[in-house]
Amino acid sequence: MPVRRTLRVLRRYFRVSARRLERFLAPARREWRRSLQLRVVALTLVASSLLVGAFGFFVAERSAKILLNRAQDEVQSSMAGKVKYAASQLSVHRQARDPRLQATVNTTVDVLADDDPAESGGSVVSLRADQFTTEIDAVTSAKMDTSELITADLIRAVSRDGKVAEQVRTAQVDGRQTKFLVYGSPVPTSFGHVELYYLVPLTTEDSAANQIRTTVLVTGLALVILLGVVAGLVTRLVVLPVRDAARTAQRLSAGLLDQRMKVDGEDDLALLAASFNQMAANLQRQIVRLEEMSRLQRRFTSDVSHELRTPLTTVRMAADLIFSEREDFDPAVARSAELLQAELDRFESLLTDLLEISRFDAGFAALDAEHADLVPIVQRVADRLTGLADRVGVTLELRVPEAPVIAEIDPRRIERVLRNLVGNAVEHGEGRPVQITLACDEAAVAVTVRDHGIGLKPGEERLVFNRFWRADPSRARQTGGTGLGLSISAEDARLHGGWLEAWGAPGEGAQFRLTLPVRSGDRLVAAPLTLIPRDRVPAIDSSAVNGRLSDETAEVI
């Protein structure tokens, strides 16, 4: 248990640390995604750093190798002369027991040290006779410990194997670390051979190699910085016109159609700016022409609608008089009076909808918002359409919360939207029940109207809100709709800052959802009811929907 608890604590701390790191790096990631110039400069710096670093490492290592080879050549040449001289001096002695041999060894070392032009730089000459340690003592030209420089492996190679050997060793000399090139060579004599060791400090070579490395490093850093600056300047030349084009495009999309890019020079960027300006000018002409055509169309619709009011009123008065006296007419004339009355009702409804559409198009539609309870509005709409539902054999099932649902709305417009939705559901319900559901949360209220009729084909859920669109133009209509109801309803929803959406499937009915913000002007993020009906969503989603409707009551009208 303690181990498991410790692992849980560690995982929790790891997640917390990861989230903090993510928040800390979020501004950098956001800037990296947004800035093309930053990405180009950063990638240039990384690539140039790798390239310059590899090249600098190669140059520094190659230079150090060349310096070491030159020092080896010089030491090897000097070593050959020293071995020859030592052999000539020691060959006069026929045996190692000669009492004068030690003095000759001392003199030889002193002469070799005095003749060495590098002695002032710390070179050391050592003459040893490991095969005759009892007769000859080792002699070194400088008073220093050579045990770290003349190693056992070197002694074995020179003394036992009789080879000329070399190695590079580092030792503590005068309180500082010094690198030496150590050469060892056997010196032939009449009684055998002794060993001559020549130790040359590589201080000068190391200093030169360090200077080369420093020069390469400084030059590489300067080159990388210069490449970064050049990349930034070159990228800026390309990015600035692109940014200017983006800002100009944003202004054009915001409706500022007179915005243009500045054209400098005759290069490719100037050609891009000129082409962009030409495109903007063509778009401006097209948009102005379309706006003028739309304005004329809206004015024509408004004028025609208003002009039709006067003759419609006269015709309505005459039709009402004829309709009231239809019982005194022949059956054919009476039927004509009834048809005239029905078509006048429909024509008057169409004229009213056209006037409302023209107000939306002209931007004159105003929202008379007030705090209202949607429960009685939904119930009132259901009550008014009960007669129509009874005639077509449809049952209205009302599901509303027991508590009031208060929102800042225009009651007249919302009642009109619900009347259109419920009326269409009754008309298309094919005699099956229609469910009307109301729900709310802290930010939004939603009303769904569900029927089980013919449904909608794929793609028709976006077309139902088009003006004068009908799924089946040949089907006989029970309510005599104008084809503008859903379009006006969508405009009413948008005027409230809400949504009006549709879902449907062939043979499975359709569902419309009206979503409104609780406070006028708030931005909607989510709806308290799902657009897809509960019988069509997975069980995991249905449980969430049921939770939201747990405080509702169902009423059958």
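For clarity, every value in this text was computed on a predicted model and none was experimentally measured. In what follows, every heavy atom counts, from backbone to side chain, and hydrogens, waters and symmetry copies are set aside.
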Taking side chain to side chain contact (heavy atoms under 4.5 Å, CB included) as the definition, give me every residue that meets it alongside [X], ordered by chain and number, with sequence neighbours left out.
X: K163; result: D161
X: A138; result: R128
X: L283; result: M279
X: H193; result: Q131, P186, E195

For this session: Check whether any side-chain N or O of T108 sits under 3.5 Å from a backbone N or O of T104 as a donor-acceptor pair, and report yes or no.
Result: yes
Exercise. Just by distance, do the side chain of S88 and the backbone of Y85 share a donor-acceptor pair under 3.5 Å?
Worked result: yes
Drop me the distance from [X]'s [atom1] to [Y]'s [atom2], to the nearest 0.5 angstrom.
X: F180; Y: T146; atom1: CZ; atom2: OG1; result: 10.5 Å
X: Q511; Y: H452; atom1: CD; atom2: NE2; result: 9.0 Å
X: L531; Y: R513; atom1: CG; atom2: CZ; result: 5.0 Å
X: S141; Y: Y197; atom1: OG; atom2: OH; result: 14.5 Å

Is any side-chain heavy atom of [X] closer than 4.5 Å to a side-chain heavy atom of [Y]?
X: L196; Y: L112; result: yes
X: R11; Y: L7; result: yes
X: V288; Y: R285; result: no
X: K179; Y: R169; result: no
X: F512; Y: L486; result: yes
X: F55; Y: L50; result: no

Report, as yes or no, whether the 6.0 Å neighbourhood of atom [atom1] on [X] holds more than 12 heavy atoms from other residues, nucleotides or ligands.
X: R20; atom1: CZ; answer: no
X: R462; atom1: CZ; answer: no
X: R160; atom1: CZ; answer: no

Exercise. side-chain contact (heavy atoms from CB on, under 4.5 Å) between E292 and R289: does it pass, once the steps are laid out?
Worked result: CA-CA 5 Å; E292 181 64 21; R289 185 173 66 87; 5.7 Å; no
[Y] and [X] side chains, donor-acceptor separation under 3.5 Å:
X: Q278; Y: R260; answer: no
X: Q167; Y: T151; answer: yes
X: H496; Y: S520; answer: no

Exercise. For F465, which residues count as a ring pair (Phe, Tyr, Trp, His ring centres under 6.0 Å) partner, sequence neighbours excluded?
Worked result: none
For this session: Write out all pairs satisfying side chain to side chain donor-acceptor pair (under 3.5 Å) with one or both partners inside residues 62-72, taking only residues at least two apart or from two chains.
Result: Q72-E166
Problem set entry | Sole candidate of D137, D110, V139 that passes side-chain contact (heavy atoms from CB on, under 4.5 Å) when paired with V105 | V139
For this session: Kindly determine whether V109 and T140 satisfy side-chain contact (heavy atoms from CB on, under 4.5 Å), including the steps that lead there.
Result: CA-CA 7 Å; V109 170; T140 303; over 6 Å; no
